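Throughout, a chain's letter reflects where its sequence line sits, starting with A, and its residues are numbered from 1. Values in this document were obtained by computation on a predicted structure and should not be read as measured data.
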Amino acid sequence: MSRSWKRSIGDDTADPRCAVTFMQTSVEESDAPAHTRPVRVAMTVGGVVPVLRVFGVTQNSASVCAHVHGFHPHLWCTTPQWQTLSGPEAMARFCDVLDVAVADETRNDDSARRVLEVKAMPRRDVMYHSRAEFTQPYFRVTLRRPCHITACRKALSRCERFKCLGLTAPFELYEADVDYTLRYMVDVGMVGCSWLTAPAESYAPRRSEKRDTRCQIEFDIDYAQLVAHDPEFAPYDGVAPLRVFSFDIECCAEEGHFPCPSSDPVIQIAVEMVVEPIAAEWRRVYTLGDCGRLAGAEVIACDDERQLLRRWSSDLVAADPDLIIGYNVQNFDIDYLMRRAEALGVIEFPYFGRVRRKKAESKEMTFSSKAQGTRKNMRAVIDGRVVLDVMQSIQTDHKLSSYTLNYVSERFLGERKEDVHHSMIAKLHRGDRNTRQRLAAYCLKDAQLPVRLMRKLMLIYNLTEMARVTGVPLSYLLHRGQSVKVFSQLLRRAGREGLLLPTHARDEAVVGDGGVAYEGATVLDAKAGYYEVPIATLDFASLYPSIMRAHNLCYTTLVPADRRAEYAETELTLTPTGDCFVKPEVRRGLLPAILDDLLSARKRARALIKTTDDPMMRGVLEGRQLALKLSANSVYGFTGATVGKLPCLAISASTTAFGRRMIDETRSFVLREYTVANGYPHDADVVYGDTDSVMVRFGCADVAEAMRLGALAADQVTALFPAPVQLEFEKVYHPYLLMGKKRYAGLLWTRADRHDKLDTKGIETVRRDNCAFARNTIAGVLRRVLVLRDVPGSVEYVKGRIEELLTGRVDISELVITKGLTREVSEYATRAAHVELAAKRRRRHAATAPRVGDRVPYVILRGHKTSKTYELAEDPVRVVERGLPIDHRHYLEHHLKLPLTRIYAAILPNVERALFSGPHTMGSAPQRLTRSVEHAAGISRFARVVKACAGCRTTLSDADRDAGLCAHCRVDAQSLYVQSMLEIDALAVAHHAHTAECQRCQRSVLHEVICANRDCALFYRRIKTQNDLREARARFAAVEW
DNA sequence: CGATAAACCTAT
DNA sequence: TGAGATAGGTTTATCG
Ligand SMILES: Nc1ccn([C@H]2C[C@H](O)[C@@H](COP(=O)(O)OP(=O)(O)OP(=O)(O)O)O2)c(=O)n1
């Protein structure tokens, strides 16, 4: 076991007489001239051939690179005139003609043969069920290189080229859109993160002078020799010890500027190396200039930046990590380091991948999906190492209102983190060894946090499991979407049954009303109201997957309308959309089988949740369970994805149609069965339902009885439907506030003796685009009404909150609204506050401005009555720094009033009078805050400077200017004096308290607080009291007492 | 001014 | 050549 920073080179160097077994972490494409192949392979070819580099780790933590030879990509095709191609002679001619055609479609390639083989094989199309054992042969076209696949597709589309063979009809393509890496993995039965064995004597170890990589074990092997193990069974269900390299850099920018790699130096890099899941850890901090000692970390002080970069790069190579992690490392750190090294001419720097003589790269990628939106990111490509950007993982798995390291640390680790403002970084760097030591401590912390997040979120375990269940390599999980996972599973299942996936022609999707291709689920009308009796919730378990399994919905089971006559009625299922599928007894579909796998994995994850009491752990396992559920639902979604690889709306539309029928039947059953006429004390009512759930008012007053009836009804309804469809009694809401479709809140009970929690759906409290003030206030109301059952208390609470707001006592951090920037600023059709601000910020400071996919935080400032809201959005940090005036009344009118009115509509008569009139709505924000935006922004800069009375803030006449008080206030100067002193005193105390709290956070009272954590309420409070104090003192000083 | 479209985010 | 799906509520800008 490797127990040092450097990955030890011990007895692990491969002895060809022993087998090598390792866990695969990455599969990468490369190529080499065929004549240099060190191992014998089945197919003899010339020119450049592809070589797969399979990287991984042994159980002893030795790094491995297997150069896998002899695997060539292929696609399939067929033609209605297949009979023309019977016989070896015709095939040989076809092969030759195709080779020429492919050559004509290929650029920059050697002249060696491209079409290596065309072989007719008995296969079938996954589309449609067919009884026939054999319909027509399919031709497997093996090509030399991955780039020839595209060329071959183009060649096959040119019908005229094949006229000479008597082929005039267009070819139909199959599996012509499969990535080479995935093709290989599917064909050899290798799933992501699986264990592999190169058996003894099957491989050729690389002698040191022939090594291409820096892995400890490096060998060549024929692809047919490398054995892939099933991850289902021990010992191949485990995870190898992975070496994880986490780092963070600090740069020194010009005053007030964001660092720019062409001019601004990298001054520190902190690294934490860990071996997962073993707790071995090493820490190093590379500093520019000498630096005091750090506990638990080695300081490597460099005199020169070039030396620092070189040292970091070579240390990374020595550490030989499998995983490189960090927070936002792809967008910032890695890219910056590489650009910086280039600017400094440190040519050896980018060679920190595992492949010698290959540079790491950083390139821009955009990912776009409906659920995730559009995200533009840099992606670091480092051969043999997987880059896991913890920020990106959290962005895909969690919906948060901010994704800064500060915010997520607090959220997931429960600890505040300091953020050193860039101007401070330069100061600390330019100071002495002590200030640099301080900086190094921050830098190190930022390198350690990603490791802690990774552990807490169990990223490695969760990703490994997902890679194994869905079959895709780790990198696909990090950079691609749901569809490739479904595609991978489909390819595997189809392959096992001799079926081929047609390559879908990309034409315009048939889009119906509102840009939707087919009808989705039913949402029952909500009987809005406040229910004081228990409402039982019945919910189908994994509804769409269970429908697809129950009715055997699949490409392979679909029967086209004109072939129904070939089947007995009992062999078919007619779906509500009029589509027809064969029953599982005739043929079991691929999709149901895929869903079986995913759902059993989900079941295992759910079972694990019950084994722990730690809420954080439960949360993580819950996330894993949800990810598997999402994958299962995405199997359904894949069939409905009209811009995807294999849409089949008969499947997706039938699934939703069954779902609609089921929710209707469930509703009718409950209404019909649970009646006074049938001996129950009350007539039941279905007050709401969405897609797969019904909310039932059985009429009983106690929770236990509602649970009993709910469970009973669930079982009865389950019996109405084919297995594995199952209606579950899940929970009771009591009381229940139903506001409308997709909007409700209720106290949730899963057991009769105590409630679980307040559950809120769709209401403002769960929406990230509401400010915390609105969310917290509404949540406070819901808690008082539904949990404490104290309506009058809730009214008082609201009034108090409104008063706080209007008197300027609400912290700015509670008034920050965030909205996602969903596209480029120029692409918006209408103006919107967050978009205008994003544009403004770009003009101010392009490097720190929000990018597509980022969330834009803003507050609304006071402005002229004629101003549009979108003109009044401003960056919260700027607002605090400059003391810009917030439009508190805007928050009342636009973020609180309507939501609260809707909530109270079911609870209180005359909401307007009860909540929004009275003295608390008068407000009396301090004058300082009532300056208009124009004033603050300097539009009235040329106006004569007026001076206000320190007592009442009225404008002072020239005569009173020097005194600082108007005639009226001068009368009571003495009490004003006391008042002012008290105000200054209170502010000083508050400022001291905030500073002290920040010092506690930074774990040092000896130093000035330098944190600028925008996601920390304390930061805003501290700056605000600081400003208030300064102004109060200035006002005081302006008076001739 | 009222209707409608655009934008966002959520429920399932 | 990549991208699971649809339903629906609310706020704000814009159109007529
Ligand atoms: N991201 C999602 C969530 C749901 N659905 C569809 C398919 C689901 O079967 C159905 C019901 O959704 P639920 O959220 O109730 O989840 P499930 O029924 O799938 O799972 P369970 O109720 O077992 O948690 O809605 C979907 O297509 N995509």
Legend entry - Atom-pair distance (NE2 on H894(A); P on dC8(B)), nearest Å: 18 Å

Inset, instruction - Ignoring backbone atoms, establish whether Y744(A) has a side-chain N or O less than 4.0 Å from OP1 or OP2 of dT12(B). - result: yes

Inset, instruction - Answer with base, sugar-phosphate or nothing: what part of the nucleic acid does D177(A) contact at a heavy-atom distance below 4.0 Å? - result: nothing

Inset, instruction - Would you please confirm or rule out a distance under 4.0 Å between OP1 or OP2 of dC8(B) and any side-chain N or O of H834(A)? - result: yes

Inset, instruction - Rounded to the nearest angstrom, tell me the gap between atom OH in Y688(A) and atom P in dA7(C). - result: 14 Å

Legend entry - Salt-bridge present (R492(A), D597(A); N to O < 4.0 Å): no

Legend entry - I778(A) CD1 to dT10(C) C1', straight-line distance once rounded to whole Å: 12 Å

Inset, instruction - Quick one: label R902(A) by what it contacts on the DNA or RNA (base, sugar-phosphate, nothing), any heavy atom closer than 4.0 Å. - result: sugar-phosphate

Legend entry - Polar contact flag, side-chain donor to acceptor under 3.5 angstrom, Y828(A)-T822(A): yes

Legend entry - Any side-chain donor near an acceptor of the partner, T181(A) and E29(A), under 3.5 Å: yes

Inset, instruction - To the nearest 0.5 Å, tell me how far T869(A) OG1 sits from Y858(A) OH. - result: 9.0 Å

Inset, instruction - Mind calculating the distance between CZ (R480(A)) and C1' (dG4(C)) to the nearest angstrom? - result: 14 Å

Inset, instruction - Map A521(A) and V635(A) onto DNA chain C by nearest heavy atom, then report which one ends up closer to the 5' terminus. - result: V635(A)

Legend entry - Residue matched to dA11(B) through Watson-Crick or wobble contacts both under 3.5 angstrom: dT6(C)

Legend entry - Distance-only polar pair, side chains of Q392(A) and Q395(A), donor-acceptor under 3.5 Å: no

Inset, instruction - Round to the nearest Å and state the distance from L543(A) atom CG to dA11(B) atom C1'. - result: 14 Å

Legend entry - Distance below 4.0 Å between T822(A) side-chain N/O and dC8(B) OP1 or OP2: yes

Inset, instruction - Please work out if Y544(A) contacts a base, only the sugar-phosphate, or nothing of the nucleic acid, heavy-atom cut-off 4.0 Å. - result: nothing

Inset, instruction - Tell me what A832(A) touches on the nucleic acid: a base, only sugar-phosphate, or nothing, going by heavy atoms under 4.0 Å. - result: nothing

Inset, instruction - Using atom NZ of K761(A) as one end and atom C1' of dT10(C) as the other, report the distance to the nearest whole Å. - result: 19 Å

Inset, instruction - Indicate, with a heavy-atom threshold strictly under 4.0 Å, whether S483(A) touches base, sugar-phosphate, or nothing. - result: sugar-phosphate

Legend entry - Any R823(A) side-chain nitrogen or oxygen under 4.0 Å from OP1 or OP2 of dC8(B): yes

Inset, instruction - May I ask you to verify if any side-chain N or O of R660(A) is less than 4.0 angstrom from the OP1 or OP2 atom of dT6(C)? - result: no

Inset, instruction - Would you indicate what G520(A) reaches in the nucleic acid, counting non-hydrogen atoms under 4.0 angstrom: base, sugar-phosphate, or nothing? - result: sugar-phosphate

Legend entry - OP1 or OP2 of dG9(C) under 4.0 Å from side-chain N/O of R767(A): no

Inset, instruction - For G820(A), report the nucleic acid contact type (base, sugar-phosphate, nothing); a contact means any heavy atom under 4.0 Å. - result: sugar-phosphate

Legend entry - d(CD1, I763(A); P, dT10(B)) in whole Å: 14 Å

Inset, instruction - Considering just the side-chain nitrogens and oxygens of K742(A), establish if one lies under 4.0 Å of OP1 or OP2 belonging to dG9(C). - result: no

Legend entry - Distance below 4.0 Å between R743(A) side-chain N/O and dT10(C) OP1 or OP2: yes

Inset, instruction - Could you tell me whether K485(A) contacts a base, only the sugar-phosphate backbone, or nothing, with contacts defined as non-hydrogen atoms closer than 4.0 Å? - result: nothing

Legend entry - Residue-phosphate contact under 4.0 Å: Y870(A) side-chain N/O, dT11(C) OP1/OP2: no

Legend entry - Donor-acceptor pair, side chain of T818(A) and main chain of V856(A), under 3.5 angstrom: no

Legend entry - Aromatic centroids of F773(A) and H895(A) separated by under 6.0 Å: no

Legend entry - DNA chain C: 5'-proximal contact among T522(A) and K645(A) (nearest heavy atom): K645(A)

Legend entry - Nearest-angstrom distance from the residue atom CZ of R768(A) to C1' of dA11(B): 14 Å

